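Everything quoted here is computed from the prediction, not taken from an experiment. We count ligands from 1, going down the list as the structure has it; atoms in each ligand are counted the same way.
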Amino acid sequence: MRRKLAAGNWKMNGTKAALSELEALRDAHPDPAVDILICPPATLLSPAQSLVGNSPIALGGQDCHAKTDGAHTGDISAPMLVDAGATAVILGHSERREDHEEESHDIRIKARTAQAAGLMTVICLGESLDQREAQDTLDIIGAQLSLSVPDSSTGLNLVVAYEPIWAIGTGLTPTPDQIGEVHDFIRSRLERRFGPGVGRSVRLLYGGSVKAANAEEIFAISNVDGALVGGASLTEAQFSPIIKALEAAV
Ligand code: PGA
C-alpha cells in the first residue's frame, strides 16, 4: 500500500561532472518498482532536471527557507526549488540541525512553507550516541516528530526519515530491533496524531550508513518503507544495488 522510496542525499558533493552518475542511474532504472528520489546540491537541480525530467527519477532539494522570498542572502526558497525541477525537499537533516542550529520548530515552519509550495517534505529525526546510551531515544524522537512535523502533513507530502546521528557516515548501523522499535514508535505516533488513514500512509525511511551489503536486512524490518542514503547514493554503482534490494522487498 505504501510505495517504497529510495532517496539519495548528495549533501555538498557534486559538480556538473557528477551528472553522469545521474544519467547512468536513469538509464539503469527505466521502470522501477519503487520511487527514486535524488537530492543533489541546489546548483545541479536545473541541469539534473534536463536529464531526468522525463524519467521516473524525482529530484529534491536538501533544505529551504521558511519564507517564500525576500531579503535572505544565500538562502533558497521552496518555490525556487520547484522552479528548478524539485518535487521534494529534505528538512531537518542532523547536519542542518548541527551546522545551522536548526531546531524542530524552525523545521516545522519550513515544512509548512514547502508543503504549501507543493513539495514532498522528507523530515529527518535522529538521536545522538549519548542520547541512545542514556536510553532517551524514543523521548528524543517523539519530541522531534511532534515539533518538526506540521499539521498540514498528509501521506503524500510527508515522509519521515529516522537517521541516528551516530550512524550517519560512520559505517555503524543500529540493530534491526533498534530500527524496528523506532519505526514502530514513529508509526504509532503518526496514527495517533493524524488518524489511521494518514498515519499509515506516511512513508518511513531509515538513514545512516545504508549500503548494498546491509540494505536487504534493513528493508525486511517492519515499517521501513525505504532509505535515505548519503555516501552510497553518489554513484550509480553503489546506489543501484540498494534500489534493487528495495524492489526485491516490495
Ligand atoms: P550516509 O548518510 O548514508 O552517508 O550515512 C545518510 C544521511 O545523512 O542521509
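For Thr43, the side chain to side chain contact (heavy atoms under 4.5 Å, CB included) criterion is met by Pro41, not counting sequence neighbours. With sequence neighbours left out, the salt bridge (charged side-chain N to carboxylate O under 4.0 Å, His left out) criterion links Arg112 to no other residue.
Cluster annotation: Tyr206 and Ile242 are assigned to the same hydrophobic cluster (Ile/Leu/Val/Met/Phe/Trp/Tyr, side-chain heavy-atom contacts under 4.5 Å, transitive).
Checking each of Ile36, Leu37, Leu51 against Ile57 for a side-chain contact (heavy atoms from CB on, under 4.5 Å) leaves exactly one that passes, namely Ile36.
Within 4.0 Å of ligand 1, counting heavy atoms only, the contacting residues are Asn9, Lys11, His93, Glu163, Ala167, Ile168, Gly169, Gly208, Ser209, Leu228, Val229, Gly230, Gly231.
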Using residues 81-95 as the side-chain source, report each donor-acceptor pair under 3.5 Å to any protein atom, sequence neighbours left out, with the distance given to one decimal.
residue, atom, partner, partner atom, Å
His93, ND1, Glu95, N, 2.9
His93, NE2, Glu163, OE1, 3.2
Glu95, OE2, Lys11, NZ, 2.9

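Of the charged side-chain nitrogens involved, none lies within less than 4.0 Å of a carboxylate oxygen, so that Arg97 and Glu102 do not count as a salt-bridged pair.
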